[in-house]
Amino acid sequence: MPELPEVETVARGLARRLTGRTVTAVRTNRADLRAPLPTDLAARLEGSRIARIGRRAKYLLFHLDGGGVMLAHLGMSGRLVLGSDDEAEARPHDHVILRFDDGTVLRFNDARRFGLIDFAASEDALARHPRLEHLGPEPLGNEFNGPVLAHALAGKATPIKAALLDQRVVAGLGNIYVCESLFWAGLSPRRSARTVTGERAERLASAIRAVLERAIAAGGSSLRDYVQASGELGYFQHQWAVYGKEGEACPDCDCGRTIARIVQGGRSTFYCARRQR
DNA sequence: ACGAGAACCTGTTTGC
DNA sequence: TGCAAACAGGTTCTCG
């Protein structure tokens, strides 16, 4: 489900409700997620106060008083949903349930179990965490721009579509937002990554930023089951230009061309072969 | 060293 | 109608 805008939306929703709250109980129903749950997860969380909730790439970061950080990745189907004490019954695929001092309950639900939860003992350990240390720049941060992107793509023979899904190039993009960004940049997903330099790289970096900012403003995209922490749906899916729109008219050119769907690296790509070169 | 493809797992949609 | 195949927002490993 979740790419950067969805994770950011969830992080903001959780921060509003959980900052300053203390974990009173941790219940683990299933430990075999993409990686096994840390065996000491409950011991590290119980009695700890949430100092801050943030995000790096598609990881949610729960910073605790005392310096520890819980990392959560939602994989394809993961959700973090808030509820109250009364509805604390575990539903199917609720793998971890946290209870807080004000009666709030947070459920980590993930049917496919591609998600994971891990722990870093300190902020320093977080920076060196194996799942974070090789990530590329945050696309909404100051350090991301055309030249930086061009540098990361230099020498890559793989299609630009595949290169943008590589989290070492730029962090947080997934299948939807790569397709959308390439559309707005006017670049073919089949173009060799190393040819994206100069003005093309500028356009692409700008398109990535713009798409992500608009998506966050809309609360992310809800496909079949994405929900914000509050339970609301995101609605950016209504603003998609190409994703999932095979056969529909290209929204931006008068070419009369329809959106094509191709498969790259086993994943669907949607684009306008006229507008995107 | 790099890139392509498979694998991980479950639920829903599509097509014969 | 029913069943099997295809497909889904991600990451990571293996193989050539």
Side-chain angles (χ1 to χ4, degrees), chain A residues 1-11 29-37 55-60 71-81 91-95 108-118 129-136 152-182 189-195 208 211-212 215-216 218-229 233-240 242-247 261-270:
Chain A
M1 164 211 339
E3 305 179 35
L4 186 153
E6 291 75 38
V7 178
E8 178 65 25
T9 300
V10 170
N29 294 325
R30 189 154 188 175
D32 56 333
L33 307 185
R34 179 151 63 86
L37 283 180
R55 177 192 60 74
R56 170 74 170 114
K58 300 171 191 170
Y59 291 87
L60 285 147
L71 297 71
H73 194 291
L74 300 176
M76 292 276 259
S77 55
R79 286 183 280 176
L80 277 168
V81 185
R91 298 163 210 192
H93 310 300
D94 278 354
H95 305 312
F108 182 94
N109 182 287
D110 185 5
R112 293 176 75 179
R113 283 183 285 123
F114 287 173
L116 66 86
I117 291 178
D118 205 355
H129 192 285
R131 311 208 102 103
L132 301 189
E133 67 174 335
H134 298 300
L135 290 171
L153 297 173
K156 284 190 177 292
T158 200
I160 186 64
K161 163 73 191 302
L164 292 178
L165 289 174
D166 183 343
Q167 302 296 296
R168 295 169 300 187
V169 170
V170 54
L173 298 183
N175 207 32
I176 294 174
Y177 296 104
V178 166
C179 291
E180 294 295 306
S181 299
L182 288 170
R190 317 167 76 135
R191 167 184 286 278
S192 176
R194 64 179 158 224
T195 69
I208 289 169
V211 165
L212 295 178
I216 290 170
S221 300
S222 294
L223 232 61
R224 42 185 62 71
D225 58 1
Y226 164 73
V227 287
Q228 301 182 27
L233 296 173
Y235 51 90
F236 189 70
Q237 67 277 12
H238 301 304
Q239 298 181 52
W240 289 343
V242 290
Y243 187 82
K245 303 218 176 269
E246 181 181 17
R261 173 183 176 273
I262 60 174
V263 176
Q264 294 177 291
R267 318 207 48 196
S268 292
T269 300
F270 300 89

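Each chain gets a letter, A, B and so on, in the order the sequences are listed, and its residues count up from 1.
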Interatomic distance where CG belongs to Asp110(A) and C1' belongs to dC9(B) [whole Å]: 9 Å
Euclidean distance, atom CZ of residue Phe114(A) to atom P of dA7(B) [Å, nearest integer]: 13 Å
Shortest non-hydrogen contact between Leu164(A) and Ile208(A), atoms and distance: CD2-CD1, 4.3 Å
Under-3.5 Å N/O pairs linking protein and nucleotides 3-6 of chain B:
unit_1: dG3(B); atom_1: OP1; unit_2: Ala157(A); atom_2: N; d: 2.8
unit_1: dA4(B); atom_1: OP2; unit_2: Thr158(A); atom_2: OG1; d: 2.8

Atom-pair distance (CG on Leu74(A); P on dC9(B)), nearest Å: 19 Å
Flag for Tyr235(A)-Ser221(A): side-chain donor and acceptor within less than 3.5 Å: no
Euclidean distance, atom CZ of residue Arg91(A) to atom C1' of dG11(B) [Å, nearest integer]: 18 Å
Where Gly220(A) and Thr9(A) come nearest, the two heavy atoms and their spacing: N-OG1, 3.9 Å
Sugar-phosphate, base or nothing in reach of Arg168(A), heavy atoms under 4.0 Å: nothing
Side-chain donor/acceptor of Arg112(A) to base of dA8(C), under 3.5 Å: yes
Reported CG-to-NE2 distance for the pair Asp118(A) and His129(A), which is rounded to 0.5 angstrom: 3.5 Å
Spacing between Leu173(A) atom CG and dG10(C) atom P, to the nearest angstrom: 9 Å
Arg191(A), CZ atom: more than 12 neighbouring heavy atoms under 6.0 Å: yes
Spacing of the P atoms in dA1(B) and dT11(C) (rounded, Å): 23 Å
Pair partner, dC9(B) [Watson-Crick or wobble, under 3.5 Å]: none
Given dG11(B), dT12(C), dG10(C), the nucleotide with the shortest approach to the side chain of Tyr59(A): dT12(C)
Whole-angstrom distance between dT1(C) and dG11(B), as gauged at atom P: 25 Å
Heavy-atom closest contact (Ser268(A) atom, Cys179(A) atom, distance): O-SG, 4.2 Å
Restricting both atoms to N or O, compile the protein contacts to nucleotides 13-16 of chain C shorter than 3.5 Å, with distance only.
none

His73(A) vs dT11(C): side-chain N/O to OP1/OP2 distance below 4.0 Å: yes
Min side-chain heavy-atom separation Leu60(A)-His73(A) under 4.5 Å: no
Sidechain N-carboxylate O distance under 4.0 Å for Asp32(A), Arg30(A): yes
Separation of atom CZ in Arg79(A) from atom C1' in dC9(B), rounded to whole Å: 16 Å
Residue from Gln264(A), Glu180(A), Lys161(A) passing side-chain hydrogen bond (donor to acceptor under 3.5 Å, both in side chains) with Asn175(A): Lys161(A)
Whole-Å distance separating the CG atom of Leu116(A) from the C1' atom of dG10(C): 10 Å
Among dG10(C), dT12(C), dC7(C), the nucleotide that comes nearest once only the side chain of Arg131(A) is considered: dT12(C)
Rounded interatomic separation in angstrom, taking CG from Asp166(A) and C1' from dC2(B): 11 Å
Any Gln167(A) side-chain nitrogen or oxygen under 4.0 Å from OP1 or OP2 of dT11(C): yes
Side-chain N,O (Arg267(A)) to OP1/OP2 (dT11(C)) below 4.0 Å: no
Minimum-distance pair of heavy atoms, taken over all atoms of Leu74(A) and Pro2(A): CB-CG, 3.3 Å
Side chain of Lys58(A) - closest among dA8(C), dT12(C), dG10(C): dG10(C)
Phosphate-side-chain proximity, Arg113(A) and dC8(B), N/O vs OP1/OP2 below 4.0 Å: no
Side-chain donor or acceptor of Asp94(A) paired with backbone N/O of Asn109(A) under 3.5 Å: no
Distance below 4.0 Å between His93(A) side-chain N/O and dG11(B) OP1 or OP2: yes
